[in-house]
K.L.:
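What follows is a single structure, and I will ask about it in a moment.
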Amino acid sequence: MNDLSKSLALVCALALAGLSAPGWCGDLDEIRNRGELRHLGIKYANFVTGSGDGFDVELVKGFAEELGVRYVLVDTNFYHVIRDLLGKDVVRTGSEVKLEGDYPVRGDMIAAGFTVLPWREQVLLYSQPTFPSQVLLVARSESELSPISGSDDLSRDILQTKAMIGAKSLLVMERTCLDPANYGLTGAGIDLKSYTRSSNLNEMVPALLNNEAELTLLDVPDAILDLKKWAGTIKVIGPISEHQNLAAAFPKDAPDLRDAFDDYLARLKADGTYDRLADKYYPGIRRYFPAFFNPDS
C-alpha cells in the first residue's frame, strides 16, 4: 500500500469511528484508489430493473468505466438510501432536516429515479438533472372523476387537480417523491392512506386496484410504464406537482465526484448516448417533456 493509500485508509477509519477527519471517504480520488464505484440503486420504474440493467444502471456503469474502476450495484430502498450514502438517518420535521445516528456507509452515489426536493438538498449534493418528472393524480378507470382538460397554466391545472380529490381517499408513500407533505396535501383535510407494507413504489398501482384507496400518486416515468402494464385499469386525472428533476446524489463532501459525473453526463447528452438510453427505457417520454429533451428548440 502506498503512502496515499495509507492516508486515505486512515481518513476513512477515523470517519467511521466518528472522529474528526476530512471528508474524503467517498470523493473521486478515494474511489479511484479503491478501484470501485458503489451505486446505490432502487428497483423502480426501469431506473433499476433488478435484471442487471436499467436507465440509471447503464448510466452509472458507463461512469465507472470512464473512471477506470469496477462498478458495484448496491440494492437499497427509498427509506434507507440516504442513510446508506451518508451513514446518518434523515429526520424531517416540516422543512427542517436533521441527520442522526451512525450506520454503515454502503455506497458512493445514489442514482435511482431520485427526485430533487428542497429538503433533500439540505443534506445531499445533486448532479445536473438526469431525467424529468412530475407527480400525477391517478384513479381506477371506473372512477367517476374525469381527467382535467389541461391548459397553458400549470399552476391552475395543479389547483384544479387537487380540488378533485375532495373527500376521496388518497394512497401515498411518505419519505419518497410521493410524500404528500411535498405537495401541500397534508393538513388539508384529505383522507390520506399511507402505504407502509414496503417502500416499493411499484406496489402503488396494485394497491389502488385492490381498492386500498380511491386515488393514488405516481410520477411520470412510473406512470408511463404502469399505463402500459395495467392498460385499461387506471387513468391519469391531472398534475399534482410542477415539473421536477431527477438527479444523481452525492455526499456534501464529494464535490469532485459530482463534478466528474456532471462532465460525463454532459458528454453523453452531446453525443446522443443519453437520448438513446431515454428512448430505450421510456418510449414516448419526449412528448411529456419536450423542453427537457430539446432545450434549444
Side-chain angles (χ1 to χ4, degrees), residues 15 23-28 30-31 34 36-50 52-64 66-67 69-92 97 99 101 103-133 173-179 182 198-202 219 221-222 244-265 268 274 277 281:
W24 289 3
C25 281
D27 212 351
L28 185 58
E30 195 278 332
I31 286 167
R34 190 203 311 146
E36 71 176 23
L37 177 68
R38 299 169 299 174
H39 168 202
L40 290 165
I42 300 166
K43 297 182 185 71
Y44 169 61
N46 273 5
F47 292 106
V48 178
T49 66
D53 63 355
F55 178 85
D56 278 325
V57 170
E58 292 201 39
L59 204 61
V60 182
K61 272 186 177 179
F63 182 46
E66 179 169 294
L67 294 180
V69 300
R70 184 169 68 98
Y71 169 82
V72 178
L73 177 61
V74 179
D75 186 48
T76 184
N77 58 62
F78 281 107
Y79 288 168
H80 297 145
V81 65
I82 297 179
R83 174 198 296 181
D84 289 340
L85 181 72
L86 303 181
K88 298 285 185 179
D89 209 3
V90 178
V91 178
R92 181 184 174 200
V97 176
L99 295 176
Y103 303 90
V105 174
R106 301 179 63 228
D108 303 304
M109 62 179 291
I110 299 169
F114 202 61
T115 307
V116 178
L117 297 170
W119 69 267
R120 288 175 174 169
E121 290 182 291
Q122 293 183 46
V123 296
L124 299 172
L125 196 60
Y126 274 105
S127 71
Q128 289 298 306
T130 57
F131 212 76
S133 189
M173 188 181 292
E174 296 175 352
R175 299 181 65 180
T176 72
C177 64
L178 305 186
D179 192 324
N182 296 333
S198 79
S199 61
N200 187 348
L201 293 174
N202 294 329
D219 66 10
D222 200 17
Q244 298 175 322
N245 287 322
L246 311 182
F250 304 83
K252 290 277 192 178
D253 58 1
D256 293 341
L257 182 62
R258 190 278 307 273
D259 291 348
F261 182 82
D262 279 347
D263 290 343
Y264 159 77
L265 181 63
L268 292 193
Y274 175 89
L277 278 178
Y281 288 104

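Hydrogens, waters and symmetry mates are skipped; everything else that's a heavy atom, side chains included, is used.
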K.L.:
Quick one: does NZ or CZ of Arg258 land under 6.0 Å from the six-membered ring centre of Phe250, within 45 degrees of the ring axis?
P.N.:
no
K.L.:
If I compare all heavy atoms of Tyr79 with all of Met173, which pair ends up nearest, and what's the gap?
P.N.:
OH-CG, 3.8 Å
K.L.:
Would you mind reporting whether Val90 and Leu99 have side-chain heavy atoms less than 4.5 Å apart?
P.N.:
yes
K.L.:
Can you list every salt bridge (charged side-chain N to carboxylate O under 4.0 Å, His left out) pair that touches residues 73-82, not counting sequence neighbours?
P.N.:
Lys43-Asp75
K.L.:
When you compare the side chain of Asp27 with that of Asp253, does any pair of heavy atoms fall below 4.5 Å?
P.N.:
no
K.L.:
If I take atom CG from residue Asp262 and atom CZ from residue Phe63, how far apart are they, to the nearest 0.5 angstrom?
P.N.:
9.0 Å
K.L.:
Do any N or O atoms from the side chain of Thr130 and from the backbone of Leu246 form a donor-acceptor pair under 3.5 angstrom?
P.N.:
yes
K.L.:
Less than 6.0 angstrom separating the ring centers of Phe114 and Phe131, yes or no?
P.N.:
no
K.L.:
What I'd like to find out is whether the side chain of Leu257 reaches to under 4.5 Å of the side chain of Leu125, using heavy atoms alone.
P.N.:
no
K.L.:
Do you know the tightest heavy-atom contact between Asn202 and Ala45?
P.N.:
OD1-N, 3.5 Å
K.L.:
Do you know the tightest heavy-atom contact between Pro221 and Ser133?
P.N.:
CD-OG, 3.4 Å
K.L.:
Could you tell me the separation between the CD atom of Glu36 and the OH atom of Tyr71, rounded to the nearest 0.5 Å?
P.N.:
12.0 Å
K.L.:
Walk me through it: do Phe55 and Tyr44 pass the test ring-ring contact (aromatic ring centres under 6.0 Å, His included)?
P.N.:
CA-CA 10 Å; Phe55 178 85; Tyr44 169 61; over 10 Å; no
K.L.:
Please check this pair: side chain of Asp108 against backbone of Leu37, looking for a donor-acceptor N/O pair closer than 3.5 Å.
P.N.:
no
K.L.:
If you round to the nearest 0.5 Å, how far is CD1 of Ile110 from CG of Leu86?
P.N.:
7.0 Å
K.L.:
Quick check: closest heavy atoms across Ile42 and Ala112, and the distance to 0.1 Å?
P.N.:
N-CB, 3.6 Å
K.L.:
Considering non-hydrogen atoms only, spot the tightest contact between Leu268 and Leu59 and give its length.
P.N.:
CD1-CD1, 3.5 Å
K.L.:
As a test of understanding, state which of Leu40, Val60, Asp53, Val57 forms a side-chain contact (heavy atoms from CB on, under 4.5 Å) with Val48.
P.N.:
Val57
K.L.:
At what distance, to the nearest 0.5 angstrom, does CG of Leu178 lie from CG of Asp219?
P.N.:
6.0 Å
K.L.:
Shortest non-hydrogen contact from Leu265 to Gln128?
P.N.:
CD2-O, 3.8 Å
K.L.:
With a 4.5 Å limit on heavy-atom distance, are the side chains of Glu66 and Phe261 in contact?
P.N.:
no
K.L.:
What distance do Leu85 atom CG and Arg38 atom CZ have between them, rounded to the nearest 0.5 Å?
P.N.:
9.0 Å
K.L.:
To the nearest 0.5 Å, what is the distance between OG on Ser199 and CZ on Arg175?
P.N.:
9.5 Å
K.L.:
What pairs of donor and acceptor atoms, side-chain ones from residues 116-123 against any protein atom, are under 3.5 angstrom apart with sequence neighbours left out?
P.N.:
residue: Arg120; atom: NH1; partner: Thr115; partner atom: O; Å: 2.8
residue: Gln122; atom: NE2; partner: Ser95; partner atom: O; Å: 2.7

K.L.:
Is Asn46 reaching over with its side chain to a backbone N or O of Tyr281, donor-acceptor style, under 3.5 angstrom?
P.N.:
yes
